[in-house]
Protein chains: 2
Amino acid sequence: MPMSDIYIPMTERSMQEPTLLLLTALADAPRHGYALIQEIAVISDGRVKMRTGTLYSALDRLLQQGLIRVERDEVIDGRARRTYALADAGRATLAAEADRLRAVVAEADRRLRTTRPTARGALA
Amino acid sequence: MPMSDIYIPMTERSMQEPTLLLLTALADAPRHGYALIQEIAVISDGRVKMRTGTLYSALDRLLQQGLIRVERDEVIDGRARRTYALADAGRATLAAEADRLRAVVAEADRRLRTTRPTARGALA
DNA sequence: CGACATATGCCGATGAGCGATATATATATC
DNA sequence: GATATATATATCGCTCATCGGCATATGTCG
């Protein structure tokens, strides 16, 4: 019989840049969705214009993972507004991610400065 | 009539960690596939055990993008071995990626240290 | 009235990465 | 001689974060 086993990933994928920027944008203060898009544009120096499809699905996912929480719901000038805050777990995750990336970037810099033509140092 | 337009992404996705580690592992010297897996384990302090599925498909992709090149093909002790080297474009891409990540990490650190309870500084 | 900023949300498509599997040789252990 | 582990490359199907597009609604500016 065909066993239709469910795919269960063993390792969790490393965080991608949009998610990293999202947590970073929430690190200093709670913000609502639209404000996050603008804040991320500022953080990334105009490079990243986050799509709402990315934003709201990421917010849903991060809520589910417990990395962020809903701070409050309001209606401002007739427009609904949902404000999100970084949860303790999200704060810890962001700090760990920053440490991890700092180490990799340092290693990349080190290697870019110490280039050898071959792995054993030999050269024609 | 149903227009079956082809999906053409406007922006290129940001590099993920496995790719970043791959380029980093090639930054100081050319290496072959299996050596890259081991080198990446060292760089990431044992955290990342790259799968061959990820490795060889990434190598194919990076070759196609011109970020790496085949340095040489050998047969060592009866085993085939293909050695890859970082191309100039790959070197530039890695350097740019490092700059970018350094900036985001610095911003994350800054924000984690300057946390306010709300976006406007008010608190109950 | 039309254009644009504000604000949230859904949906289909894409592709990097993951787990599994296959193949083959060399070396170490029983 | 069998069995396990290290070396080495390669392919396949699956998942999920991200992307682009679309929908909806209000407020403001010209």
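Here is the naming used below: chain letters follow the sequence lines, and residue numbers restart at 1 for every chain. Values below: every heavy atom of this structure, side chains too, minus hydrogens, waters and symmetry copies.
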message = Rounded to whole Å, please give me the gap between CG in B:L22 and C1' in C:dA16.
response = 12 Å
ask   = Starting at the 5' end of DNA chain C, which residue's closest nucleotide do you reach first, A:H32 or B:D77?
value = A:H32
ask   = Could B:R79 and B:E74 be called an ion pair, given the rule that one side-chain N must be under 4.0 Å from one carboxylate O?
value = no
remark   = Considering only heavy side-chain atoms of B:R81, the closest of C:dC10, D:dA8, C:dC18 is D:dA8
query = Can you tell me if the side-chain N/O atoms of B:T54 get under 4.0 Å from OP1 or OP2 in C:dC18?
reply = yes
ask   = Between C:dA16 atom P and B:L63 atom CG, what is the distance in whole Å?
value = 14 Å
task = Indicate whether OP1 or OP2 belonging to D:dC22 is found under 4.0 Å from a side-chain N or O atom of A:R51.
result = no
ask   = Taking CG from B:L36 and P from D:dA6, how many angstroms apart are they, rounded to a whole number?
value = 19 Å
task = Consider the side chain of B:R61, meaning its heavy atoms from C-beta on, and name the nucleotide among C:dG9, C:dG17, C:dT8 that approaches it most closely.
result = C:dG17
inquiry  = Does C:dG17 have its OP1 or OP2 closer than 4.0 Å to a side-chain nitrogen or oxygen of B:T19?
reply    = yes
inquiry  = Between B:I43 and B:V48, does the side chain to side chain contact (heavy atoms under 4.5 Å, CB included) criterion hold? Intermediate values first, please.
reply    = CA-CA 9 Å; B:I43 292 175; B:V48 178; over 6 Å; no
message = Of the listed nucleotides (D:dT18, C:dA16, C:dC10), which one gets closest to any side-chain atom of A:D60?
response = C:dC10
task = Check every atom of D:dT18, D:dA8, D:dA10 against the side chain of B:Y34 and return the nucleotide holding the closest atom.
result = D:dA8
key: Separation of atom CD in B:Q65 from atom P in C:dA16, rounded to whole Å   = 7 Å
remark   = Between A:G33 and A:L55 the two heavy atoms that sit nearest each other are O-CD2, 3.4 Å
ask   = Over how many whole Å does the gap from B:Q16 atom CD to C:dC18 atom C1' extend?
value = 11 Å
query = Can a side chain N or O of A:Q38 be found less than 4.0 Å away from OP1 or OP2 on C:dT6?
reply = yes
query = Taking atom P of D:dT26 as reference, at what distance in whole Å does atom CD of A:E74 sit?
reply = 19 Å
request  = Please report, rounded to the nearest Å, how far the P atom of C:dC18 is from the CD1 atom of B:I37.
outcome  = 12 Å
request  = Mind jotting down which residue pairs meet the side-chain hydrogen bond (donor to acceptor under 3.5 Å, both in side chains) criterion with at least one end in residues 88-100 of chain A? Sequence neighbours excluded, please.
outcome  = A:R91-B:T115, A:E97-A:R100, A:D99-A:R102, A:R100-B:E17
query = Are OP1 or OP2 of C:dT8 and a side-chain N or O of A:Y56 less than 4.0 angstrom apart?
reply = yes
task = Please check if atom CG in B:D73 has more than 12 non-hydrogen atoms from other residues, nucleotides or ligands closer than 6.0 Å.
result = yes
inquiry  = Please report the distance, rounded to the nearest Å, between CZ in A:R47 and P in D:dT18.
reply    = 14 Å
task = For A:G53, report the nucleic acid contact type (base, sugar-phosphate, nothing); a contact means any heavy atom under 4.0 Å.
result = base
query = Can you check whether B:R79 has a side-chain N or O nearer than 4.0 Å to OP1 or OP2 of C:dA24?
reply = no
